[in-house]
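First comes the structure, then the notes that go with it.
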Number of protein chains: 2
Amino acid sequence: MKPILIVEDEYPISQVLRAYLQKAKFDTEQVYTGEDALARFDEIKPSLVLLDIMLPGKNGWQILKEIRKKSNCPVIMLTALGEVNDRLTGLNEGADDYISKPFAGDEVVARVKAVLRRTEAKQPSVQRFGQLEIDLDAHRVKLNEQNIELRPRDLSLLLFLAEHPNKTFTREQLIEHVWGFDYEGSDRAVDLSIKRLRKALKDWPASEGEIRTLRGLGYQLSVYEE
Amino acid sequence: MKPILIVEDEYPISQVLRAYLQKAKFDTEQVYTGEDALARFDEIKPSLVLLDIMLPGKNGWQILKEIRKKSNCPVIMLTALGEVNDRLTGLNEGADDYISKPFAGDEVVARVKAVLRRTEAKQPSVQRFGQLEIDLDAHRVKLNEQNIELRPRDLSLLLFLAEHPNKTFTREQLIEHVWGFDYEGSDRAVDLSIKRLRKALKDWPASEGEIRTLRGLGYQLSVYEE
DNA sequence: TTATCCTTGACATTTGTCTGACATCTTTCC
DNA sequence: GGAAAGATGTCAGACAAATGTCAAGGATAA
């Protein structure tokens with residue numbers, strides 16, 4: 001996921017913003033001047049920009065204009081309370097929203113999410129291991145650009161293993177995480193699921209990864225290189 | 001240009017809104033209850049809705065949901081000052097923006113313009129999945145250049161699925177979004193609707209997409225591009 | 001009214017899962 | 001090296017659960 005660029009010269013405020021956004025699982029990048037903002041913008045191609053108006057050197061409006069020249073990346077302006085003129089200018093100049101200081105953390109996150117939802121509409125959540133592609137949202141697994149049909153349980157198992165590549169889990173652990181803590185049946189159900197997964201993934205180049213058995217321990221999804 | 005629908009029960013406020021918007025060359029329509037709002041909405045197909053939360057009868061959230069069922073027309077909520085919860089709810093429920101009372105006239109106009117600019121700028125409302133063409137705004141579905149006749153409920157369901165291709169929804173979620181949060185009946189109504197949709201889409205090449213069942217989870221509109 | 005739409009309840013069908021048995025493999029110990 | 005014990009791989013069948021389907025009967029709107 002591309003990061004959110006925070007352009008704010010006051011260090012404490014910048015840190016607060018970062019904290020809230022990271023808590024909400026967003027990546028962040030911080031810069032403290034307008035010039036840095038533009039340079040960094042090109043480098044990291046952020047998913048969204050939080051832009052303070054009062055900045056040393058070039059101010060927020062100028063930055064906004066520069067950004068708008070080359071991108072329609074969503075921008076939320078940070079403005080002092082009650083500066084209605086600022087608000088109006090911002091919305092007319094192409095800002096997507098504004099947030100008044102002082103702000104509540106929840107509100108910042110909600111605004112960011114709202115703007116991202118508007119502008120992105122969708123963002124696929126896919127994980128790749130070479131030829132193997134796992135799409136969490138769509139509940140779909142592709143191997144070699146081709147869809148693979150998996151049973152729900154098998155898919156859950158694969159997803160769980162894929163979340164922790166190269167880590168070994170006992171049958172018990174797998175049962176607990178994939179089947180559920182209230183499962184009563186035997187451990188051997190895991191074997192069957194593993195078997196079907198291996199069969200389904202037989203065309204996955206062994207050089208890229210495989211499902212390994214660790215005798216006496218359990219199973220793991222091994223992935224190599226990258 | 002399509003008018004802006006003002007839904008506000010307090011007459012003076014409604015008048016102020018109308019005055020500002022007309023000054024900015026927008027056409028306006030005023031209604032004073034939620035019920036009228038929905039009826040009028042269908043008739044005039046406004047370009048934007050200004051929606052008060054506190055309304056006699058159905059409140060603003062209910063109206064918003066009803067509107068969202070059949071249209072992605074931009075909606076700006078009017079909220080009392082400081083009701084942060086309302087703000088958050090609104091942004092999450094599909095409102096495009098909110099304005100706190102008391103508001104400055106200029107600000108209202110700026111917000112309206114901003115939202116219109118945002119929503120008009122984005123992609124056309126018709127989505128193509130190979131032979132299948134879905135017009136979210138016009139509420140029309142074409143397969144192979146030919147209009148498909150669907151029951152209203154089925155159409156809503158298809159439109160909703162098409163808004164989020166490759167995303168899986170439980171029956172519960174579909175009921176909530178398509179049938180409405182106050183629906184009392186059984187989940188299985190979804191099955192029937194899905195069945196009719198599949199029948200209606202039977203000439204849609206399976207290589208382009210399909211309505212997929214995810215056993216134990218729900219349904220999704222799968223599209224396979226390229 | 002007539003026609004359309006929606007839901008209910010029943011039943012059919014498909015699919016997923018587990019059990020138990022047996023085969024195969026690995027390790028250990030003699 | 002070889003046999004026994006234990007772990008894992010594999011299979012088929014039975015069962016359960018989710019889904020597909022149908023037809024009848026209200027409800028609603030034209």
Side-chain angles (χ1 to χ4, degrees), chain A residues 139-141 147-161 168-202 210-222, chain B residues 35 38-39 42-43 66 69-70 139 141 147-161 168-202 206 210-222:
Chain A
H139 289 263
R140 231 167 19 187
V141 177
N147 276 338
I148 288 188
E149 292 300 326
L150 288 177
R151 294 183 178 181
R153 189 61 40 98
D154 302 347
L155 178 60
S156 304
L157 178 57
L158 177 59
L159 290 177
F160 178 73
L161 290 173
T168 308
F169 297 95
T170 64
R171 288 184 179 70
E172 253 178 68
Q173 290 174 308
L174 294 174
I175 289 283
E176 185 178 335
H177 283 102
V178 179
W179 272 252
F181 64 95
D182 52 348
Y183 175 78
E184 294 286 324
S186 113
D187 280 4
R188 307 301 309 284
V190 178
D191 298 32
L192 292 209
S193 199
I194 291 282
K195 166 184 136 45
R196 284 189 299 266
L197 277 181
R198 282 177 170 152
K199 189 177 174 189
L201 299 181
K202 66 183 186 303
E210 63 184 326
I211 296 178
R212 271 178 65 195
T213 303
L214 290 117
R215 191 161 259 261
L217 291 175
Y219 299 97
Q220 73 169 198
L221 181 71
S222 294
Chain B
E35 286 75 10
L38 290 172
D42 290 329
E43 288 167 27
E66 297 282 335
K69 269 190 216 167
K70 49 191 175 192
H139 288 239
V141 178
N147 266 349
I148 288 191
E149 292 300 324
L150 289 174
R151 294 182 179 182
R153 193 49 56 86
D154 301 347
L155 177 60
S156 303
L157 177 57
L158 180 56
L159 291 176
F160 178 73
L161 289 173
T168 309
F169 298 95
T170 63
R171 289 185 178 69
E172 246 177 79
Q173 290 175 306
L174 295 173
I175 289 283
E176 185 176 335
H177 283 101
V178 179
W179 273 252
F181 65 98
D182 52 352
Y183 176 78
E184 295 285 325
S186 118
D187 280 3
R188 306 301 307 283
V190 179
D191 298 33
L192 276 289
S193 202
I194 291 280
K195 168 181 137 47
R196 286 188 297 268
L197 278 181
R198 282 178 171 152
K199 191 175 173 188
L201 299 180
K202 65 182 187 301
E210 64 184 324
I211 296 178
R212 199 150 74 103
T213 302
L214 289 119
R215 194 160 262 257
L217 289 174
Y219 298 98
Q220 75 171 191
L221 182 70
S222 281

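Proteins get letters first, then strands, A, B, ... in listed order; numbering begins at 1 in each.
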Practice prompt. Would you indicate, yes or no, if D/dT19 has its OP1 or OP2 atom less than 4.0 angstrom from a side-chain nitrogen or oxygen of B/Arg171?
Written response: yes
Fill in: A/Asp191 side chain, from C-beta outward: closest of C/dT7, C/dC18, D/dT10
D/dT10
Worksheet entry | Value in whole Å for how far the C1' atom of C/dT15 lies from CZ of A/Arg196 | 12 Å
Worksheet item: Would you find more than 12 non-hydrogen atoms of other residues, nucleotides or ligands less than 6.0 Å from B/Glu172 atom CD?
Response: no
Worksheet item: Can you tell me how far C1' of C/dG16 sits from CG of A/Leu157, to the nearest Å?
Response: 15 Å
Worksheet item: If only side-chain N and O atoms of A/Tyr219 are considered, is one of them under 4.0 Å from the OP1 or OP2 phosphate oxygen of D/dG9?
Response: yes
Worksheet item: Nearest-Å distance, CG (B/Leu197) to P (C/dC6)?
Response: 11 Å
Practice prompt. Begin with the C-alpha distance, continue with both residues' side-chain angles, and end with the deciding distance and a verdict on side-chain hydrogen bond (donor to acceptor under 3.5 Å, both in side chains) for B/Arg198 and B/Thr213.
Written response: CA-CA 11 Å; B/Arg198 282 178 171 152; B/Thr213 302; 2.6 Å; yes
Discussion item. If you go through the side-chain atoms of A/Arg188, does one of them form a donor-acceptor pair with the base of D/dG9 closer than 3.5 Å?
Written reply: yes
Worksheet item: Closer to the 5' end of DNA chain C via nearest nucleotide, is it B/Gly185 or B/Leu150?
Response: B/Leu150
Fill in: Sugar-phosphate only, base, or nothing, as touched by B/Arg153 at under 4.0 Å among non-hydrogen atoms
sugar-phosphate
Practice prompt. Quickly work out the B/Asp187 CG to D/dA17 C1' distance and round it to whole Å.
Written response: 15 Å
Discussion item. I want to check one thing: is the phosphate of C/dC6, taken as OP1 and OP2, less than 4.0 Å away from some side-chain N or O of B/Tyr183?
Written reply: no
Item to complete: Please step through side chain to side chain contact (heavy atoms under 4.5 Å, CB included) for the pair B/Ser193 and B/Tyr219, ending with a clear verdict.
Response: CA-CA 11 Å; B/Ser193 202; B/Tyr219 298 98; over 6 Å; no
Worksheet item: Any side-chain N or O of A/Lys195 under 4.0 Å from OP1/OP2 of D/dC11?
Response: yes
Worksheet item: If only side-chain N and O atoms of B/Arg198 are considered, is one of them under 4.0 Å from the OP1 or OP2 phosphate oxygen of D/dG20?
Response: yes
Worksheet item: According to the interplanar angle, ranging from 0 to 90°, do the rings of A/Phe160 and A/His177 count as parallel (below 30°), tilted (30 to 60°) or perpendicular (above 60°)?
Response: parallel
Worksheet item: Given atom CG of A/Leu217 and atom P of C/dT27, what is their separation to the nearest angstrom?
Response: 12 Å
Worksheet entry | Whole-Å distance separating the CD1 atom of B/Ile211 from the P atom of D/dG20 | 10 Å
Discussion item. Is B/Trp179 close enough to C/dC6 that one of its side-chain N or O atoms is under 4.0 Å from OP1 or OP2 there?
Written reply: no
Practice prompt. Can you tell me the distance, in whole Å, between the CG atom of A/Asp154 and the C1' atom of C/dC18?
Written response: 13 Å
Worksheet item: The side chain of A/Leu192 lies closest to which of these nucleotides: C/dG16, D/dA12, C/dT27?
Response: D/dA12
Practice prompt. Verify side chain to side chain contact (heavy atoms under 4.5 Å, CB included) between A/Leu155 and A/His139, making sure each step is shown before the conclusion.
Written response: CA-CA 8 Å; A/Leu155 178 60; A/His139 289 263; 3.9 Å; yes
Item to complete: Answer with base, sugar-phosphate or nothing: what part of the nucleic acid does B/Leu214 contact at a heavy-atom distance below 4.0 Å?
Response: sugar-phosphate
Worksheet item: Is the shortest side-chain N/O distance from B/Thr213 to OP1 or OP2 of D/dG20 below 4.0 Å?
Response: yes
Discussion item. Could you tell me how far apart B/Arg151 (CZ) and C/dA3 (C1') are, to the nearest whole angstrom?
Written reply: 12 Å
Worksheet entry | Partner of B/Leu150 by side-chain contact (heavy atoms from CB on, under 4.5 Å), out of B/Leu157, B/Leu158, B/Leu201, B/Leu159 | B/Leu158
Worksheet item: With sugar-phosphate meaning primed atoms plus P, OP1 and OP2, does A/Ile194 contact a base, only sugar-phosphate, or nothing at under 4.0 Å between heavy atoms?
Response: nothing
Discussion item. By the 4.0 Å heavy-atom rule, please label A/Ser186 as base, sugar-phosphate, or nothing.
Written reply: sugar-phosphate
Item to complete: Return the nearest nucleotide to the side chain of A/Pro152; candidates are C/dT27, C/dT17, D/dT19.
Response: C/dT17
